Amino acid sequence: MWPSEFERAHAWFAAALAQMPAATDDEGLLPRPQARSQAAVLLAIVWQQGEPSVLLTRRTAHLRSHGGQISLPGGKLEPQDADAASAALREAEEEVGLPPALVQLAGVMPPYVTITGYEVTPVLGLLAQPFQPVPAPDEVDEVFFVPLVHLMDVAAYQRHAVQRDGFSGHYYAISYGDYFIWGATAAMLRRLALHLAAWSR
């Protein structure tokens, strides 16, 4: 789907993101409030032995918000952040020890509004070489990598029914080994998968 050479792949992803629409046809989520807080996550694609993988984390179980869940590195925009990309890079360095200088940014995806009222901007960046993650013990239990080809397989996402506060809806999830990726993380990854599948035809 995407070029195997790093430099060509970077240009390919940048071109794809530049034409990405704001939403997909079937997110089917519960009603979401008006966004009240800005956040950003880093969708880091790491080239390992010529194959791209996505960096994901398992949050520590004791966290008040989304403890134990799988997520992309990221968090709220702080006053010192110039933009979403700055916030995503800062959070990735804090959470997993990823030096910002290693990341070649390809662009941003349209914001995704969560049911908790966060407007999350996914920032896509590529790493030409692997790095050794250093998880922040108060935030991250585990850092792992999932092959990009798996996460970009639209058919791998399963739809699950959900009810909350009297509303019915559904969410998507994708499994990889023992990892169950769901919620906003799966929604943003699936949104990218749908776009790339259509864009690259």
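Since the structure is predicted, the reported quantities are computational estimates derived from the model, not experimental observations.
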Trainee: For the NE2 atom of H160 and the NE2 atom of H170, what is their distance to the nearest 0.5 Å?
Mentor: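 Answer rounded to 0.5 Å: 11.0 Å.
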
Trainee: Out of curiosity, F180 CZ to Q158 CD, how far, rounded to the nearest 0.5 Å?
Mentor: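 Here the rounded value is 9.0 Å.
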
Trainee: Should L124 and F13 count as side-chain neighbours, where that means a heavy-atom distance under 4.5 Å?
Mentor: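 L124 reaches F13 side chain to side chain.
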
Trainee: Taking side chain to side chain contact (heavy atoms under 4.5 Å, CB included) as the criterion, tell me which of L56, V140, T57, V41 meets it with S71.
Mentor: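 The option that passes is T57.
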
Trainee: So how far is it from I45 CD1 to M152 CE, rounded to the nearest 0.5 Å?
Mentor: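 Spacing of CD1 (I45) from CE (M152) equals 7.0 Å.
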
Trainee: Determine whether a donor-acceptor pair (N or O, by modelled atom type, separation under 3.5 Å) exists between the side chain of R191 and the backbone of A22.
Mentor: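 Looks like yes, one N/O pair under 3.5 Å.
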
Trainee: Over all heavy atoms of both residues, which pair between Y112 and A184 is shortest? Give the atoms and the distance, please.
Mentor: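 Of all heavy-atom pairs spanning Y112 and A184, the closest is CE2-CB, 3.7 Å.
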
Trainee: Where is the tightest heavy-atom contact between K76 and E91, given as atom of each residue plus distance?
Mentor: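 Where K76 meets E91 most closely, the heavy atoms are O-OE2, 4.0 Å.
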
Trainee: With a 4.5 Å heavy-atom cut-off, do L189 and Y172 have their side chains touching?
Mentor: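 The answer is no, as the side chains (C-beta and beyond) never meet within the 4.5 Å cut-off.
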
Trainee: Hey, can you tell me if H10 and F6 have their rings parallel, tilted or perpendicular (30° and 60° cut-offs)?
Mentor: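 It falls in the tilted class, 30° to 60°.
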
Trainee: Is there side-chain contact between I181 and L151, with at least one heavy-atom pair below 4.5 Å?
Mentor: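 I181 vs L151: side chains touch.
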
Trainee: Would you say that L98 contacts L127 through its side chain, given a criterion of any heavy-atom pair below 4.5 Å between the two side chains?
Mentor: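 Of all side-chain heavy-atom pairs linking L127 with L98, at least one is under 4.5 Å.
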
Trainee: Where does the angle between the aromatic ring planes of W182 and Y171 fall among parallel (under 30°), tilted (30 to 60°) and perpendicular (over 60°)?
Mentor: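 Geometry flag for Y171 against W182: tilted rings.
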
Trainee: Quick one: do M109 and L77 end up in the same hydrophobic cluster if we chain Ile, Leu, Val, Met, Phe, Trp and Tyr together by side-chain heavy atoms under 4.5 Å apart?
Mentor: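 Unlinked, M109 and L77 end up in two clusters.
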
Trainee: Taking the side chain as every heavy atom from C-beta outward, state whether T60 and D138 have any pair of such atoms under 4.5 Å apart.
Mentor: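 With C-beta onward as the side chain, the pair stays apart.
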
Trainee: Quick one, W47 and L126 - any side-chain contact, counting heavy atoms below 4.5 Å?
Mentor: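 Of all side-chain heavy-atom pairs linking L126 with W47, at least one is under 4.5 Å.
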
Trainee: Compare every heavy atom of P147 with every heavy atom of S53, then report the nearest pair and how far apart it is.
Mentor: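 Looking at all heavy atoms of both residues, the closest pair is OG-CA, 3.8 Å.
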
Trainee: In Å and rounded to the nearest 0.5 Å, what is the CG to CG distance from L89 to D81?
Mentor: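 Result: 9.5 Å between the selected atoms.
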
Trainee: Could you pull out the closest heavy-atom pair between P21 and H195, with the gap in Å?
Mentor: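 P21 and H195 have their closest heavy atoms at CD-ND1, 3.5 Å.
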
Trainee: Could you pull out the closest heavy-atom pair between A40 and A87, with the gap in Å?
Mentor: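 Closest heavy-atom pair between A40 and A87: CB-CB, 4.2 Å.
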
Trainee: Does W199 reach the side chain of M20, with side-chain heavy atoms less than 4.5 Å apart?
Mentor: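 Side-chain contact under 4.5 Å: no.
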
Trainee: How far does OG1 of T121 sit from CG of D83, to the nearest 0.5 angstrom?
Mentor: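 T121 OG1 to D83 CG: 9.5 Å, rounded to 0.5 Å.
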
Trainee: Take the angle between the ring planes of H150 and Y176 and call it parallel below 30°, perpendicular above 60°, tilted in between.
Mentor: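 Aromatic pair H150/Y176 classed tilted.
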
Trainee: With a 4.5 Å cut-off on side-chain heavy-atom distances among I, L, V, M, F, W and Y, is there a chain of contacts connecting F131 to V134?
Mentor: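 Each belongs to a different hydrophobic cluster.
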
Trainee: Locate the shortest heavy-atom distance separating E5 from R8; write the atom from each residue and the value.
Mentor: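 Nearest heavy atoms, E5 then R8: OE1-NH1, 2.8 Å.
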
Trainee: Quick one: salt bridge (Lys or Arg N to Asp or Glu O under 4.0 Å) partners of E7, sequence neighbours excluded?
Mentor: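 Testing E7 for salt bridge (Lys or Arg N to Asp or Glu O under 4.0 Å), a comparison that skips the adjacent residues, returns none.
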
Trainee: With rounding to the nearest 0.5 angstrom, report the OG1 to CG distance, T185 to L72.
Mentor: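 Between atom OG1 of T185 and atom CG of L72 there are 5.0 Å.
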
